[in-house]
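Below is one structure, written out as structure tokens; comments come after it.
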Amino acid sequence: MTGAAVLALREVTKTYGDVGALRGVSLDVAAGELVAVVGPSGSGKSTMLNIVGTLDRPTSGTVTIAGNDVATMSDDALSLLRADHIGFVFQHFHLQAGATAAENVADGLLYTATGRHERHRRAVDALGTVGLAHRVDHRPNQLSGGEKQRVAIARALVGDPTILLADEPTGALDTASGTAILELLRALNAAGTTVLVITHDLELAASLPRQVRMRDGRVEQDSGPDADGAPADAAALATAIRGGR
Ligand code: ADP
């Protein structure tokens with residue numbers, strides 16, 4: 001089931017000097033969707049993620065997140081919007097080495113008006129949600145890659161974001177851990193979280209209900225919201241992408 005629009009991009013461009021990183025991207029994502037943004041290196045995926053995550057502003061076009069037009073917002077207002085609505089997961093986890101799993105997750109609530117004890121309680125809860133109730137006091141160097149990514153996902157989720165943005169979340173993991181992380185993202189989505197996964201892994205992308213294919217700063221193809229959530233055919237997607245080169 002999908003619901004209200006959580007994200008709308010209209011003719012978004014982003015230019016770095018004379019490089020058009022995004023060259024007119026329009027995209028709508030509704031509440032409850034699980035979307036793969038797929039495309040070769042340099043196609044604009046990271047630039048789009050940064051703009052969707054309000055870490056960067058577009059050169060032109062409009063970006064609406066949970067009904068807020070970001071162009072009209074100050075940097076402070078954008079920080080609040082980010083804290084309220086967006087959870088980030090990165091390829092290399094970005095955990096604090098000296099902090100426990102619970103402390104790392106609690107950091108996800110730092111920019112919200114949540115007291116210290118409540119932050120800890122919710123962090124422990126979120127670690128339970130990702131299957132790490134037994135690793136609350138472990139530090140990153142005591143965790144496997146897959147466990148580190150679960151901590152990062154718990155940190156992204158602890159603030160109950162409108163949308164979870166995952167940038168190559170399985171890119172630094174072995175196949176088994178990567179598969180487990182993807183299953184976790186799927187389960188979180190089934191429980192109601194809207195998820196956007198950036199990947200260059202065609203098989204991963206094809207296993208998700210919707211694929212947005214980027215090329216040269218544009219959306220080359222968008223399979224659109226998939227009512228029954230049926231995964232696409234990986235081989236067909238790979239052929240389509242390679243065939244376009
Ligand atoms: P992807 O994530 O798909 O690999 P990117 O969004 O990183 O693609 O990059 C899209 C294009 O924009 C590339 O040509 C890249 O070199 C360029 N680009 C991205 N970020 C910058 C930047 N900060 N300065 C200059 N060029 C950039």
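Residues: numbered from 1 along the sequence shown. Remember, it's 1-based here, ligands and their atoms both numbered in the order they're listed.
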Notebook entry, point to check: Can you list the atoms of ligand 1 that are under 4.0 Å from a heavy atom of Ser43?
Noted result: 1 (P), 3 (O), 8 (O)
Margin query: Please list the nearest protein heavy atom to atom 1 (P) of ligand 1 with its residue and the distance rounded to 0.1 Å.
Written below: Gly42 N, 3.4 Å
Notebook entry, point to check: Which pair of heavy atoms, one from Leu22 and one from Val12, lies closest together, and at what distance?
Noted result: CB-O, 3.9 Å
Margin query: So if I count the atoms of ligand 1 from 1 in the order they appear, which ones are less than 4.0 Å from some heavy atom of Lys45?
Written below: 1 (P), 2 (O), 3 (O), 4 (O), 6 (O), 8 (O)
Notebook entry, point to check: atom 18 (N) of ligand 1: which protein heavy atom is closest, and how many Å away?
Noted result: Tyr16 CD1, 3.6 Å
Checklist line | Is_contact(atom 11 (C) of ligand 1), protein non-hydrogen, under 4.0 Å | finding: yes
Next item on the list: Check whether the side chains of Ser60 and Thr13 place a donor and an acceptor atom closer than 3.5 Å, and report yes or no.
Entry: yes
Notebook entry, point to check: Within a distance of under 4.0 Å, is there any protein heavy atom near atom 20 (N) of ligand 1?
Noted result: yes
Checklist line | Pair Arg82, Thr54: side-chain N/O donor-acceptor within cut-off below 3.5 Å | finding: yes
Check: For atom 7 (O) of ligand 1, what's the nearest protein heavy atom and its distance?
Finding: Ser46 CB, 3.7 Å
Check: Can we say Glu147 and Arg150 salt-bridge, meaning some charged N sits less than 4.0 Å from an Asp/Glu carboxylate O?
Finding: no
Item checked: Side chains of Arg186 and Ser207, donor plus acceptor under 3.5 Å -> yes
Check: Hey, is Gly17 one of the residues with a heavy atom under 4.0 angstrom from ligand 1?
Finding: no
Check: Does Gly44 reach ligand 1 with a nitrogen or oxygen that is under 3.5 Å from one of the ligand's nitrogen or oxygen atoms?
Finding: yes
Margin query: Using a strict threshold of under 4.0 Å (side-chain N to carboxylate O), is an ion pair present between Asp69 and Arg10?
Written below: no
Check: Can you tell me which residue and heavy atom of the protein come closest to atom 17 (C) of ligand 1, and the distance to 0.1 Å?
Finding: Val19 CG1, 3.9 Å
Next item on the list: Check whether more than 12 heavy atoms from other residues, nucleotides or ligands sit under 6.0 Å from atom NE2 of His134, and answer yes or no.
Entry: yes
Note to self: Need the ligand 1 atom indices (1-based, order shown) with element for anything under 4.0 Å from a heavy-atom of Pro40.
What the structure shows: 3 (O)
Check: Can you list the atoms of ligand 1 that are under 4.0 Å from a heavy atom of Ser41?
Finding: 4 (O)
Next item on the list: Decide yes or no on salt bridge (charged side-chain N to carboxylate O under 4.0 Å, His left out) for Arg210 and Asp222, but give the supporting numbers first.
Entry: CA-CA 8 Å; Arg210 176 179 176 190; Asp222 181 352; 2.7 Å; yes
Next item on the list: Please write down residue, atom name and distance for the protein heavy atom closest to atom 5 (P) of ligand 1.
Entry: Thr47 OG1, 3.7 Å
Notebook entry, point to check: With a cut-off of 6.0 Å (strictly less than), are more than 12 heavy atoms of other residues, nucleotides or ligands near NE2 of His138?
Noted result: yes
